[in-house]
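Notes for the one structure printed next.
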Amino acid sequence: MKKVVAVALDGVVSYDLACVVQTFRYCPGTEGEPLAFQLETCGVRAGKVLSPDGFALHVEHGLAAIESADIVVVPGCVPGAVPAAVIEALRAAAARGATMVSICVGAYVLAAAGLLDGRPATTHWAFCEDLARRFPAVRVDPGALYVDDGDVLTSAGLSAGWDLCLHIVRRELGAAVAADVARWNVRPPHREGGQAQYIPAVRRDGHGSSLAATLSWAAAAPAPDLAVADLAKHALMSERTFIRRFKAEVGTTPGRWLDSQRAVRARELLETTDLPVEVVAAQAGFGSVTALRTHLRAATGTTPAGYRRSLHR
């Protein structure tokens with residue numbers, strides 16, 4: 001059983017903390033073994049922790065809990081000065097080999113402790129530019145849902161904390177356990193792509209507009225014959241303008257994005273149904289089983305049958 005300690009500082013974002021609690025408090029072991037993680041939540045000291053979410057929290061532990069942690073998670077908190085005692089505790093944990101994790105703007109805390117220097121990292125898209133400006137030694141990746149750099153992991157904002165926590169479960173215990181945790185929490189075990197597709201459109205001229213409606217329309221039914229021309233028509237743009245704006249706002253090409261949506265749908269069907277692979281390919285919007293296999297292998301490194309076996313072994 002590994003000990004996970006969530007560090008709840010004043011200003012903690014309760015959603016980020018909840019991602020940690022829901023993932024690690026009830027995570028089963030493999031093949032019916034006891035719980036795989038022991039979760040504790042600590043503050044600078046035991047007692048009341050303020051939250052910007054309309055209520056306060058009470059934690060039973062102070063920073064001493066970090067001293068025996070295998071995994072230390074810093075949920076997002078209102079950015080500000082980090083107490084010296086917190087920085088010292090985090091540095092000590094990293095020095096003795098603990099896995100260090102941040103969710104959302106919790107990256108500021110790890111950065112303040114110097115734990116992200118020279119490393120790739122991410123945070124909520126709205127704060128990536130500021131994080132890079134304030135901590136120039138950090139290699140900020142504004143497009144990633146999460147970054148796994150071995151012993152230091154960081155996530156983008158809010159729901160990306162779920163993605164990172166499930167990734168840690170998958171890394172520690174395998175895909176089957178991670179899928180069980182995801183299923184219990186009624187969410188997909190894995191999301192394709194990065195956070196760029198969730199960033200609102202930036203108006204570069206007086207008549208710029210978001211592609212959100214077109215993205216939602218296309219993602220709902222990414223048919224095999226859906227083409228860039230169809231997307232551009234739905235967005236009421238020329239193909240050239242649409243491609244340029246799509247690349248700027250989503251961070252990839254329309255064709256690659258469509259393939260990623262089809263892969264996401266295929267994985268959901270493989271995880272939640274017993275449909276034949278041919279039916280999965282058709283319902284996910286791939287023109288053939290061969291296309292499904294090609295894109296699923298690119299995304300997961302395995303075949304449809306292998307992916308199903310990894311979830312149900």
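Taking a 6.0 Å sphere around CZ of R96, one finds it holds more than 12 heavy atoms contributed by other residues, nucleotides or ligands. Around CZ of R45, the count of heavy atoms belonging to other residues, nucleotides or ligands within 6.0 Å does not exceed 12.
Between A69 and A98, the closest heavy-atom pair is O-CB, 3.6 Å. Minimum interatomic distance between S288 and A281 (heavy atoms only, all atoms of both residues): O-CB, 3.8 Å. In terms of heavy atoms, A121 sits closest to V147 at C-CG2, 4.1 Å. A pairwise comparison of heavy atoms in F286 and A263 identifies CZ-N, 3.7 Å as the closest pair. Of all heavy-atom pairs between C27 and V181, the closest is SG-CG2, 3.8 Å. The shortest heavy-atom contact between F37 and M1 is C-CG, 3.6 Å.
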Practice problem: Determine, step by step, whether R171 and T99 satisfy the side-chain contact (heavy atoms from CB on, under 4.5 Å) criterion, reporting the C-alpha distance in whole Å, the side-chain angles of both residues, the deciding distance to 0.1 Å, and the verdict. | Solution: CA-CA 12 Å; R171 194 175 85 164; T99 298; 3.8 Å; yes

Exercise. Might you work through the side-chain contact (heavy atoms from CB on, under 4.5 Å) test for R262 and H295, ending with a clear yes or no?
Key: CA-CA 9 Å; R262 294 176 179 122; H295 289 285; over 6 Å; no

Practice problem: For the pair R183 and D180, evaluate salt bridge (Lys or Arg N to Asp or Glu O under 4.0 Å) and give the outcome as yes or no after the intermediate values. | Solution: CA-CA 5 Å; R183 204 170 286 118; D180 284 344; 3.2 Å; yes

Self-check item: Chi angles and distances behind the side-chain contact (heavy atoms from CB on, under 4.5 Å) call for V280, R308
Solution: CA-CA 12 Å; V280 170; R308 268 186 170 150; 4.1 Å; yes

Quiz item: Hey, mind stepping through T303 and L296 against side-chain contact (heavy atoms from CB on, under 4.5 Å) and telling me if it holds?
Solution: CA-CA 7 Å; T303 63; L296 189 67; 5.9 Å; no

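Side chains of M100 and L153 form no contact here, defined as non-hydrogen atoms less than 4.5 Å apart. Between I243 and K247, the closest side-chain pair of non-hydrogen atoms is not below 4.5 Å. Between S260 and W257 there is a side-chain heavy-atom pair separated by less than 4.5 Å. With contacts defined as side-chain heavy-atom distances shorter than 4.5 Å, the pair Y108/V74 does not qualify. Here the side chains of E67 and V5 are not in contact, with every heavy-atom distance at 4.5 Å or above. The side-chain heavy atoms of I71 and I168, taken from C-beta on, include a pair separated by under 4.5 Å. At least one side-chain heavy atom of V12 sits under 4.5 Å from a side-chain heavy atom of L57. The closest side-chain heavy-atom distance from L211 to R245 is below 4.5 Å.
From F135, atom CZ reaches atom CG of L110 across 10.0 Å, with rounding to the nearest 0.5 Å. For the atom pair T253 OG1 and F246 CZ, the distance stands at 7.5 Å (nearest 0.5 Å). Remark: H61 NE2 to E40 CD distance equals 4.0 Å, nearest 0.5 Å. The line from OG1 of T23 to NE2 of H167 is 13.0 Å long, rounded to the nearest 0.5 Å. Here the SG atom belonging to C19 is positioned 10.0 Å from the CZ atom belonging to F24, to the nearest 0.5 angstrom. In this structure, SG in C42 is found 12.0 Å from CD in E60, a value given to the nearest 0.5 Å.
At a threshold of 4.0 Å, the pair R256-D259 does not count as salt-bridged, since none of the basic side-chain nitrogens sits closer than that to a carboxylate oxygen. Salt-bridge check for E268 with R265: passed, with a basic side-chain N closer than 4.0 Å to an acidic carboxylate O.
Ring orientation note: the planes of H124 and F127 are nearly perpendicular, at an angle over 60° on the 30°/60° scale.
The side chain to side chain donor-acceptor pair (under 3.5 Å) check on D151 picks up R119, with sequence neighbours excluded.
With hydrogens and angles ignored, the 3.5 Å screen pairs no side-chain donor or acceptor of T241 with any backbone N or O of M237. Side chain of D70 to main chain of K3: a donor-acceptor pair is present (N/O by atom type, distance under 3.5 Å, no hydrogens or angles). Panel note: side chain R91, backbone A113; a donor-acceptor pair is recorded below 3.5 Å. No donor-acceptor pair under 3.5 Å is formed between the side chain of D149 and the backbone N or O of P120.
Side-chain contact check for T122 and D141: no donor-acceptor pair (N or O, by modelled atom type) lies under 3.5 Å.
L131 and L145 fall into different hydrophobic clusters, where Ile, Leu, Val, Met, Phe, Trp and Tyr side chains are chained together by heavy-atom contacts under 4.5 Å. Residues L63 and V109 share a hydrophobic cluster, clusters being chains of Ile/Leu/Val/Met/Phe/Trp/Tyr side chains in contact below 4.5 Å. By the criterion of side-chain heavy atoms lying less than 4.5 angstrom apart, applied directly or through intervening Ile, Leu, Val, Met, Phe, Trp or Tyr residues, L270 is grouped together with V279 in one hydrophobic cluster. Taking hydrophobic clusters as Ile, Leu, Val, Met, Phe, Trp and Tyr residues chained together by side-chain heavy-atom distances below 4.5 Å, L226 shares a cluster with L215. Clustering ILVMFWY residues whenever any of their side-chain heavy atoms sit less than 4.5 angstrom apart, transitively, puts V152 in a cluster other than the one holding Y146.
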For residues 158-166, run the donor-acceptor check on the side chains, cut-off 3.5 Å, and write out each pair with its distance to 0.1 Å, sequence neighbours left out.
from, atom 1, to, atom 2, distance (Å)
S159, OG, Y15, OH, 3.0
D163, OD1, R187, NH2, 3.2
D163, OD1, R191, NE, 3.2
D163, OD2, R191, NE, 3.0
D163, OD2, R191, NH2, 2.4

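Remark: of the listed residues T123, L17, V13, D16, D16 is the sole one forming a side-chain contact (heavy atoms from CB on, under 4.5 Å) with I103.
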